[in-house]
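For reference, the structure is listed below as structure tokens.
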Protein chains: 2
Amino acid sequence: MTRAAPKYHWIADQLRERILAGELAEGECIPGEPALMATYEVSRNTVRLALRRLADEGLLVADQGRGTFVRESPKPFEWNWSTIESRRRHEAYHDAGERDQWATTVTEAGRVPRQDIQVSIVTPPPPVAERLGLDPAAGVALLRRRVRSVDHEPYLLADSYFPVDLVQGTPLMEPRDVSAPGGVLASLGLVQARYRDEILPRMPTRREIEMLHLPAATPVAEHTRTGYDKDGRALRVMVTILPGGRHVSIYDVEAD
Amino acid sequence: MTRAAPKYHWIADQLRERILAGELAEGECIPGEPALMATYEVSRNTVRLALRRLADEGLLVADQGRGTFVRESPKPFEWNWSTIESRRRHEAYHDAGERDQWATTVTEAGRVPRQDIQVSIVTPPPPVAERLGLDPAAGVALLRRRVRSVDHEPYLLADSYFPVDLVQGTPLMEPRDVSAPGGVLASLGLVQARYRDEILPRMPTRREIEMLHLPAATPVAEHTRTGYDKDGRALRVMVTILPGGRHVSIYDVEAD
DNA sequence: AAGTGGTCTAGACCACTAA
DNA sequence: TAGTGGTCTAGACCACTTT
């Protein structure tokens with residue numbers, strides 16, 4: 001005979017069934033902790049263990065003073081990294097003017113984009129230095145740190161690193177929106193011919209949790225895009241932190 | 001004056017610092033719960049809240065009866081989805097014979113690959129039916145469900161769905177390894193000309209946690225690859241569940 | 001047998017939100 | 001003010017691993 005499962009597993013299973021069956025609809029408030037204590041005749045800690053278990057699966061979010069709710073999953077944005085910085089595609093959006101594609105995509109969805117930019121000169125973290133071909137100890141880079149928001153809620157973090165010698169004295173050094181037709185670097189005569197993207201799912205750091213207002217048990221995708229010119233020199237590294245559930249990353253791949 | 005942070009936040013902060021500073025090395029056992037209760041003069045629950053907080057960040061894993069350990073991050077596998085099923089690249093591995101590329105990559109890393117295959121005819125989940133162009137209610141597909149292991153530890157789940165009319169009576173219907181030079185479908189005269197990949201970071205379901213032996217707070221990436229022939233007909237949908245921390249997904253993108 | 005983490009109880013007070 | 005979830009205590013017994 002197999003060992004009995006802990007009570008809080010069983011309680012979580014019951015609630016999960018009700019959620020997945022739609023009995024407790026998205027955004028709906030579930031019974032409070034005292035109610036669950038009475039229903040299942042357990043202590044409050046046990047109820048809380050069950051709720052935590054479901055929160056860890058991303059099914060519930062608790063809101064202090066209000067209640068615990070079934071997590072809503074609005075339709076995620078589709079983010080096509082194959083075309084996101086292509087010159088071809090940019091032409092299609094040409095009449096969007098100076099707006100970048102992110103802002104365009106968000107606006108098209110009927111929502112309000114916004115970005116805050118900080119610029120500084122830093123010693124980049126070792127993985128970035130490596131990709132830029134810099135001395136990991138002494139090399140410095142221009143860092144453009146952006147927080148992008150949708151409807152005034154922080155949505156993603158995007159840190160771009162440029163070798164300082166490439167961007168010294170250019171508009172990139174100023175904390176303003178510098179999007180331009182064909183890409184930011186193109187206006188400086190630097191043409192990115194190829195990108196390499198690396199995607200890593202992981203749990204967010206405390207800093208990311210706070211900056212993005214992430215509810216518990218929200219993973220992030222760390223996208224690192226390195227741009228190269230036609231000679232294979234790295235021109236830029238962009239590290240984007242995208243919270244789970246709000247987006248899908250898309251790639252179109254030719255089979256050859 | 002700002003409100004004081006909870007005790008368990010502070011304790012977690014202390015331990016996190018020691019871990020990130022390398023004072024508590026990877027794989028090392030951290031002080032036991034009784035020791036931490038004494039050190040910080042708090043109850044066991046408070047200690048456990050602090051440890052849970054760090055586990056949720058992916059920094060700790062607890063092992064019943066043994067202790068709590070700083071999580072190890074072995075070098076992740078690099079998984080290049082741009083070339084993973086390309087005919088060009090497959091030629092480079094031609095002398096690997098009948099082995100598929102996954103097995104080849106793992107073997108090259110000096111580890112032992114293995115896959116278990118189950119084959120069945122199913123009504124695919126709605127997102128898959130949609131991608132295959134099937135009736136979501138009545139359409140059926142061939143499902144090849146694989147569990148791939150590295151060094152006898154389950155590593156990823158890969159479910160491939162094929163329209164039944166394409167694969168009726170072919171070797172694909174049998175639960176054996178069917179990799180072939182140029183790809184499985186190529187041997188049936190079905191050529192995939194283009195793929196669309198969709199990547200979604202999320203928390204694992206209970207089933208995934210159990211099948212992959214995932215420690216707490218391990219997110220997964222759900223990769224959905226849809227293969228199309230040159231006329232745009234969907235030939236296959238493959239849903240791969242990749243646990244965080246064990247892999248990096250790579251895409252090479254041409255800027256045009 | 002001793003030490004680890006896992007489950008569970010019964011209580012208390014606090015912070016926040018809504019009516 | 002009443003009700004929600006958040007923090008915290010002080011205990012108990014159990015399951016698992018190591019010695």
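We name chains A, B, ... by the order of the sequence lines, and we start the count at 1 in each one.
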Margin query: When you compare the side chains of Thr218(A) and Arg71(A), does any donor N or O come within less than 3.5 Å of an acceptor on the partner?
Written below: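 Per modelled atom types, Thr218(A) and Arg71(A) side chains form a pair under 3.5 Å.
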
Just how far, in rounded Å, is [atom2] of [N] from [atom1] of [X]?
| X | N | atom1 | atom2 | result |
| --- | --- | --- | --- | --- |
| Asn45(B) | dT9(C) | CG | P | 13 Å |
| Phe69(B) | dG3(C) | CZ | C1' | 12 Å |
| Ile30(B) | dG3(C) | CD1 | P | 18 Å |
| Lys7(B) | dC13(C) | NZ | C1' | 12 Å |
| Met37(A) | dG3(D) | CE | P | 15 Å |
| Glu33(B) | dT9(D) | CD | C1' | 15 Å |
| Leu36(A) | dT9(C) | CG | P | 13 Å |

Next item on the list: Rounded to 10°, tell me the angle between the two end axes of the helix from dA1(C)-dT18(D) to dA18(C)-dT1(D), each built from five pairs.
Entry: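 About 10° separates the two local helix axes.
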
Which atoms form the tightest heavy-atom contact between [X] and [Y], and what is the distance?
| X | Y | value |
| --- | --- | --- |
| Thr123(A) | Ala137(A) | CG2-O, 3.9 Å |
| Cys29(A) | Gly67(A) | SG-CA, 4.3 Å |
| Ser249(A) | Trp81(A) | OG-NE1, 3.3 Å |

Whether the side chain of [X] engages the backbone of [Y] through a donor-acceptor N/O pair (distance < 3.5 Å, no angle test) should be reported.
| X | Y | answer |
| --- | --- | --- |
| Tyr155(A) | Arg246(A) | yes |
| Asp151(B) | Val112(B) | yes |
| Arg131(B) | Pro127(B) | yes |

Check: What residues in residues 47-62 of chain A put a non-hydrogen atom under 4.0 Å from any atom of DNA chain D?
Finding: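 Listed by number, they are Arg48(A), Ala62(A).
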
Notebook entry, point to check: Is the distance from OP1 or OP2 of dT9(C) to the nearest side-chain N or O of Thr46(A) less than 4.0 Å?
Noted result: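 It does, given that an N or O in the side chain of Thr46(A) lies less than 4.0 Å from OP1 or OP2 of dT9(C).
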
Do [X] and [Y] come close enough that some side-chain heavy atom pair is under 4.5 Å?
| X | Y | answer |
| --- | --- | --- |
| Ile241(B) | Arg202(B) | yes |
| Asp159(B) | Val128(B) | no |
| Arg225(A) | Thr240(A) | no |

Check: To the side chain of Tyr8(A), which of dT9(C), dT7(C), dC8(D) is closest?
Finding: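 Side chain of Tyr8(A) sits closest to dT7(C).
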
Next item on the list: Among dC8(C), dG5(C), dT4(D), find the nucleotide with the atom closest to the side chain of Thr68(B).
Entry: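 Looking only at side-chain atoms, Thr68(B) lies closest to dG5(C).
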
Next item on the list: Return the 5'-most residue of the pair His9(A), Arg44(A) with respect to DNA chain C, ranking by each residue's nearest nucleotide.
Entry: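 Looking at the nearest nucleotide for each, His9(A) comes out on the 5' side.
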
Margin query: Using a strict threshold of under 4.0 Å (side-chain N to carboxylate O), is an ion pair present between Asp56(A) and Arg53(A)?
Written below: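 Here Arg53(A) does not pair with Asp56(A) in a salt bridge, since their nearest N and O are not under 4.0 Å apart.
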
I'd like a list of close polar pairs between nucleotides 17-19 of chain C and the protein, N/O only, cut-off under 3.5 Å.
none

